[in-house]
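The first residue in the sequence is number 1, and the count goes up from there.
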Amino acid sequence: MSTLADSRLTGSARASDATPSLRLRGLRKAYADVVAVDGLDLEVARGECFGLLGPNGAGKTTTIEICEGLTAPDAGSVELLGLKWHTGANELRQRIGIQLQETQFPDKLKVVEVLRLFRSFFRRGITVEESIHIAQLEEKRNSRVGSLSGGQKQRLAMACALVSDPELLFLDEPTTGLDPQARRHLWDLVDGLKQAGRTIILTTHYMEEAERLCDRVAIMDHGKIIALGTPQQLIASVGGEHIVEFAIGGHASEDGQVDTGALTAIPGVQSHRVDASVHQLLVSELHTAVPRIIAALGEQGLHLSELRTHSATLDDVFVRLTGRNLRDE
């Protein structure tokens, strides 16, 4: 499989590491009475893969569109690669790459024709053939866009974002709607970009995606950043290492019979919540907590219909911070 480490992408080497790739100060945007972005401060370092996480409506896409120069903020400042849109728009357009949530290409154009068109917009960059190779579209170079699968269209959109050899790349939920195989193909492509030292700003609501790809992540909710750090730091911040999930008798009506106080009194159990009739316990010592949880339920005369465990994830961080799942609408 090809990687960008073998390509001629060199944009990150053109700029000083001293200046952040992105600096936001007091960013705000409202639509009528809805505040989409609420006083955002953020910096992204050169060569960093940075993730913006949050449910639909959290303000991720609005933030990215402001950074990309597609939407004007109501207040605050935006600085990319040491430049601002109102004074350096022409240069910025040559130095950043953008993949939107959904990109519409004319169905009748061939893959190679689309890439030739996009390459013509930039003074410098990689060749069309190199972009085809990077996106693993060699077998589809002469296929018409209308015949491509969803994953192939996403790789084409990525290739279009890369033809200028950008120093800074924005990826707005690039794998939404893709099947697992297509999603992993896109992950491999982003991995290659990271190896090449590219600065990437990624929005997603897939936890596995963020944990695998991002050096740091910011969790957004209601237009604000409510947590910021490496995935490992954020997961450690919830105070537990594992999640124990169980259901009682398979009936939602029985949830009220559980003595939750007895469960949270067990040593190592940090918190309890119920989601769609499934009880979730955040625990720090799985091997000692699980037998005690089962024993406590047995003492209450309750029978388990389900029991499973998993390591804490960024989704659990979001649940702990907001009381709802990251992918809730």
Worksheet item: Is the shortest side-chain N to carboxylate O distance from Arg212 to Asp191 below 4.0 Å?
Response: yes
Worksheet entry | Check: Gln154/Thr175 side-chain N/O donor and acceptor closer than 3.5 Å | no
Worksheet item: Is the closest side-chain donor-acceptor distance between Thr127 and Glu130 under 3.5 Å?
Response: yes
Item to complete: Please determine if Arg183 forms a cation-pi arrangement with Tyr206, meaning its NZ or CZ atom is less than 6.0 Å from the six-membered ring centre and no more than 45° off the ring axis.
Response: yes
Fill in: Shortest non-hydrogen separation from Leu234 to Val317 and the atoms involved
O-CG2, 3.2 Å
With a 3.5 Å cut-off and sequence neighbours excluded, list the donor-acceptor pairs that the side chains of residues 105-119 form with protein atoms.
| unit_1 | atom_1 | unit_2 | atom_2 | d |
| --- | --- | --- | --- | --- |
| Glu113 | OE1 | Lys110 | N | 2.8 |
| Arg119 | NE | Ile126 | O | 2.9 |
| Arg119 | NH1 | Phe122 | O | 2.9 |

Worksheet item: Does Arg184 pair with Glu208 as a salt bridge, N-O distance under 4.0 Å?
Response: yes
Discussion item. Could you walk me through whether Asp165 and Arg198 satisfy the salt bridge (Lys or Arg N to Asp or Glu O under 4.0 Å) test, starting with their C-alpha distance in whole Å, then the side-chain angles of each, then the deciding distance to 0.1 Å, before giving a yes or no?
Written reply: CA-CA 10 Å; Asp165 188 15; Arg198 201 71 15 183; 3.3 Å; yes
Item to complete: Give a yes-or-no answer on whether the side chains of Glu167 and Thr199 include a donor-acceptor pair shorter than 3.5 Å.
Response: no
Fill in: Lys/Arg-Asp/Glu bridge criterion (N-O < 4.0 Å) met for Glu138, Lys140
no
Worksheet item: How far apart are the closest heavy atoms of Ser143 and Ser147, and which atoms are they?
Response: CB-OG, 3.8 Å
Item to complete: Look up atom OG1 in Thr313 and atom CD1 in Ile243, then write down how far apart they are to the nearest 0.5 Å.
Response: 7.0 Å
Worksheet item: Should the pair Asp221-Lys60 be classified as a salt bridge under the 4.0 Å nitrogen-to-oxygen rule?
Response: no
Worksheet item: Just by distance, do the side chain of Trp85 and the backbone of Glu79 share a donor-acceptor pair under 3.5 Å?
Response: no
Item to complete: Start with the C-alpha distance between His310 and His242, add both sets of side-chain angles, then the distance that settles side chain to side chain donor-acceptor pair (under 3.5 Å), and finish with yes or no.
Response: CA-CA 6 Å; His310 65 265; His242 304 280; over 6 Å; no
Discussion item. Nearest 0.5 angstrom please: Ile96 CD1 to Ile98 CD1, how far?
Written reply: 4.0 Å
Worksheet item: Between Glu173 and Thr204, is a side chain to side chain donor-acceptor pair (under 3.5 Å) present by the stated rule, with each step listed?
Response: CA-CA 5 Å; Glu173 300 190 12; Thr204 182; over 6 Å; no
Fill in: Salt bridge Glu129-Arg141, side-chain N to carboxylate O under 4.0 Å
yes
